[in-house]
Amino acid sequence: QKEVEQNSGPLSVPEGAIASLNCTYSDRGSQSFFWYRQYSGKSPELIMFIYSNGDKEDGRFTAQLNKASQYVSLLIRDSQPSDSATYLCAVNNNNDMRFGAGTRLTVKP
Amino acid sequence: GAGVSQSPRYKVAKRGQDVALRCDPISGHVSLFWYQQALGQGPEFLTYFQNEAQLDKSGLPSDRFFAERPEGSVSTLKIQRTQQEDSAVYLCASSLGSFNQPQHFGDGTRLSIL
């Protein structure tokens, strides 16, 4: 079992819809959780981080964390074609950062 | 402000050659990380520095890999006697330093071993 699991996709949603990306992790000691967006051939770009259980909203993005279930998700509202990318979930325990393999999202106009 | 800078962006080397990859972190960032990313995979941790101290090198795949950060700023990842399986993108990231802070990535070096 991988330490950080993501559905590889591709996940396809129409423009304007909500995209829901999910991630589970195995290390119960994990303390901080990150979502990175990575365009093809580019480096990961930080879009959200969350430390506490519950929801954290930033513009069109909402991160949700449930430590009891070892589950973190990212919602993208009003999806745009420019959101098409691979989304990486990362889980951190004292600077030991583990990444999932990423979910490829396609937003169709 | 300037982000994490990596050079070269692309490197092609013949099997058996040594290579050196450079990372210049965001100014003031205490922590520096190196990752290896294979195609279609997430980044895999290689090593971590806090200032000039290498606190974790558990991810380095073999003793052919060596990293240093002698003055606590610029870091170099060196790969000796390169093998084809070393071909990957090498990413550098930096963070402010306290544990669990967000890491910010450079554009990476794409290494191809022929």
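All heavy atoms count here, side chains included; hydrogens, waters and symmetry mates do not.
Close approach to chain B, defined as a heavy atom under 4.5 Å from one of its heavy atoms, is seen in A/Gly100, A/Ala101 of residues 100-109 of chain A, taken by number.
One hydrophobic cluster, built from ILVMFWY side chains closer than 4.5 Å, holds both A/Met48 and A/Val13. In the hydrophobic clustering of ILVMFWY residues, with side-chain heavy atoms under 4.5 Å counting as a link, A/Leu65 and A/Leu75 come out apart. A chain of hydrophobic side-chain contacts below 4.5 Å, direct or via other Ile, Leu, Val, Met, Phe, Trp or Tyr residues, connects B/Leu32 to B/Phe65. Under a hydrophobic clustering in which Ile, Leu, Val, Met, Phe, Trp and Tyr are joined whenever their side-chain heavy atoms come within less than 4.5 Å, directly or via other members, A/Ile76 and A/Val72 fall into the same cluster.
Of the atoms belonging to B/Asp107, heavy atoms from both backbone and side chain fall under 4.5 Å from chain A. Using a 4.5 Å cut-off between heavy atoms, B/Gln103 touches chain A through backbone and side chain atoms alike. Interface remark: A/Gln38 contributes side-chain atoms only to the contact with chain B (heavy atom separation under 4.5 Å). In this structure, chain B has a heavy atom under 4.5 Å from the side chain of A/Tyr36, while its backbone stays farther away.
Between A/Phe99 and B/Phe45, a ring centre-to-centre spacing not shorter than 6.0 Å is recorded.
Residue A/Ser32 holds its OG atom at 8.5 Å from CD of B/Gln101, rounded to the nearest 0.5 Å. Annotation: the span from A/Leu88 atom CG to B/Gln41 atom CD amounts to 10.5 Å, rounded to 0.5 Å. In this structure, B/Ser95 OG and A/Asn92 CG are separated by 8.5 Å, a value rounded to the nearest 0.5 Å.
The greatest number of non-hydrogen atom pairs below 4.5 Å with chain B, out of A/Gln31, A/Glu45, A/Lys42, is found for A/Gln31.
More than 12 non-hydrogen atoms from other residues, nucleotides or ligands lie less than 6.0 angstrom from CD of A/Gln64. Summarising the local packing, NZ of A/Lys56 is surrounded by more than 12 heavy atoms from other residues, nucleotides or ligands at distances under 6.0 Å. For CD of B/Glu71, the number of neighbouring non-hydrogen atoms (other residues, nucleotides, ligands) closer than 6.0 Å is 12 at most. Other residues, nucleotides and ligands contribute only 12 or fewer heavy atoms inside 6.0 Å of the CG atom of B/Leu39. For NZ of A/Lys67, the number of neighbouring non-hydrogen atoms (other residues, nucleotides, ligands) closer than 6.0 Å is greater than 12. Atom CZ of B/Arg64 is surrounded by more than 12 heavy atoms from other residues, nucleotides or ligands within 6.0 Å.
Distance alone, capped at 3.5 Å, is enough to place a donor-acceptor pair between the A/Ser43 side chain and the B/Gly106 backbone. Side-chain N or O atoms of B/Asn100 include one that pairs as donor or acceptor with a backbone N or O of A/Asn94 at under 3.5 Å.
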